[in-house]
2 protein chains.
Amino acid sequence: MDMESALSTRFAALADPTRRAILARLAEGEATVSELRKPFPISQPAISKHLRVLEQAGLIETGQDRQTRPRRLKAGALRDAAAWLGRIDALWSGRLDRLDEFLTRQTEE
Amino acid sequence: MDMESALSTRFAALADPTRRAILARLAEGEATVSELRKPFPISQPAISKHLRVLEQAGLIETGQDRQTRPRRLKAGALRDAAAWLGRIDALWSGRLDRLDEFLTRQTEE
DNA sequence: TGGCTATATAACCAACTAGATATCTGATTG
DNA sequence: CAATCAGATATCTAGTTGGTTATATAGCCA
């Protein structure tokens with residue numbers, strides 16, 4: 001998958017509120033499907049489907065613990081998306097030389 | 001529109017490569033529909049549709065110059081999306097830092 | 001062994017999307 | 001005025017998405 005369509009897949013994965021909530025949960029630590037399911041009023045297969053989307057977008061990975069398959073966030077997975085946004089923002093605000101500052105500001109908040 | 005669904009709309013708008021290319025072009029300065037259309041092998045109505053998606057996502061705005069309706073990037077429009085990514089990334093890498101620190105401490109003691 | 005738990009897969013459906021062509025409005029120009 | 005140009009809008013279609021229920025697979029426990 002080329003970089004362009006990887007970015008499309010990634011942003012598309014981020015466009016769903018359930019998936020963003022799952023990512024926010026996983027940012028606090030790995031979790032099983034059952035744990036991830038709890039906050040949502042949707043079926044288990046629906047959650048599994050969301051997880052598949054997130055995994056194909058390269059945002060999470062799956063572990064193996066005998067009976068469960070805990071998911072965890074992939075380190076730095078969001079950075080290329082953030083970098084794209086930062087590049088556009090920097091270009092528009094005429095501060096291409098301060099891209100680093102933009103990215104730093106995002107992660108410092 | 002609440003913040004959550006605004007974020008969904010925004011990421012969804014960013015998920016299309018044509019729309020990202022339009023944004024990248026607009027980051028260099030405002031442009032008319034005809035100008036924006038040039039690089040793409042798709043119809044004019046398709047471009048207008050993309051522009052409507054971008055405008056509804058709050059990413060661009062439309063001007064009025066007698067015959068043309070130039071689009072321009074909305075200042076800072078990408079920042080809330082970038083901020084969301086930054087928050088997740090910071091949370092997760094904060095954890096990784098602690099893990100790293102933890103492992104370092106283990107091997108040193 | 002048999003039943004429970006965790007998760008995946010399949011088949012289906014309604015809603016949405018990105019594109020197309022056709023047509024319309026309004027401003028510009030010959 | 002008529003022709004043209006910029007752009008918007010309407011309608012259609014194929015493909016994708018987010019959900020469902022039903023079922024399958026595999027580990028765990030009595």
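Each chain gets a letter, A, B and so on, in the order its sequence line appears, and its residues count up from 1.
- Not counting sequence neighbours, Gln56(A) has no partner by the side-chain hydrogen bond (donor to acceptor under 3.5 Å, both in side chains) test.
- Pairing each heavy atom of Ala13(A) with each of Leu54(A), the nearest pair is CB-CD2, 4.3 Å.
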- Assess whether side-chain contact (heavy atoms from CB on, under 4.5 Å) is satisfied between Asp89(B) and Trp84(B), documenting all intermediate values. CA-CA 9 Å; Asp89(B) 185 74; Trp84(B) 190 89; over 6 Å; no

Under 3.5 Å, which donor-acceptor pairs link side chains of residues 28-40 of chain B to any protein atom two or more places apart or in another chain?
residue: Glu30(B); atom: OE1; partner: Arg72(B); partner atom: NE; Å: 3.4
residue: Thr32(B); atom: OG1; partner: Glu35(B); partner atom: N; Å: 3.2
residue: Glu35(B); atom: OE1; partner: Thr32(B); partner atom: N; Å: 2.9

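- A straight line from CD of Glu35(A) to C1' of dT7(C) spans 13 Å, rounded to a whole angstrom.
- Applying the side-chain contact (heavy atoms from CB on, under 4.5 Å) criterion to Ala6(A), with sequence neighbours excluded, gives Met1(A).
- Arg19(B) places a side-chain N or O within donor-acceptor distance of the main-chain N or O of Ala12(B), the cut-off being under 3.5 Å.
- Taking atom NZ on Lys38(A) and atom C1' on dT7(C), their separation rounds to 15 Å, with Å as the unit.
- Every residue meeting the side-chain contact (heavy atoms from CB on, under 4.5 Å) condition with Arg10(A), not counting sequence neighbours, appears here in chain and number order: Leu59(A), Asp80(A).
- Arg69(B) is linked by a side-chain contact (heavy atoms from CB on, under 4.5 Å) to Thr62(B), Gln64(B), Arg71(B), counting only residues two or more places apart in sequence or in another chain.
- One finds no side-chain N or O of Arg52(A) lying less than 4.0 angstrom from the OP1 or OP2 phosphate oxygen of dA8(C).
- Chain A approaches DNA chain D within less than 4.0 angstrom (heavy atoms of the protein), and the contacting nucleotides run 5' to 3' from dG18(D) to dC28(D).
- In this structure, Ile60(A) is not a member of the same hydrophobic cluster as Val53(A), with clusters built from ILVMFWY side-chain heavy atoms closer than 4.5 Å.
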Close N or O pairs between protein and nucleotides 3-6 of chain C (under 3.5 Å):
residue: dT5(C); atom: O2; partner: Gln67(A); partner atom: NE2; Å: 2.8

Please list, pair by pair, any protein nitrogen or oxygen found under 3.5 Å from a nitrogen or oxygen in nucleotides 12-20 of chain C.
residue: dA18(C); atom: OP1; partner: Arg19(B); partner atom: NH1; Å: 3.2
residue: dA18(C); atom: OP1; partner: Arg19(B); partner atom: NH2; Å: 2.8
residue: dA18(C); atom: OP2; partner: Arg19(B); partner atom: NH1; Å: 3.4
residue: dA18(C); atom: N7; partner: Lys49(B); partner atom: NZ; Å: 3.3
residue: dG19(C); atom: OP2; partner: His50(B); partner atom: NE2; Å: 2.3
residue: dG19(C); atom: N7; partner: Lys49(B); partner atom: NZ; Å: 3.0
residue: dG19(C); atom: O6; partner: Lys49(B); partner atom: NZ; Å: 2.6
residue: dA20(C); atom: OP2; partner: Ser43(B); partner atom: N; Å: 2.8
residue: dA20(C); atom: OP2; partner: Ser43(B); partner atom: OG; Å: 2.6

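- With sequence neighbours excluded, the residues forming a side-chain hydrogen bond (donor to acceptor under 3.5 Å, both in side chains) with Arg20(A) are Glu4(B), Ser8(B), listed by chain and number.
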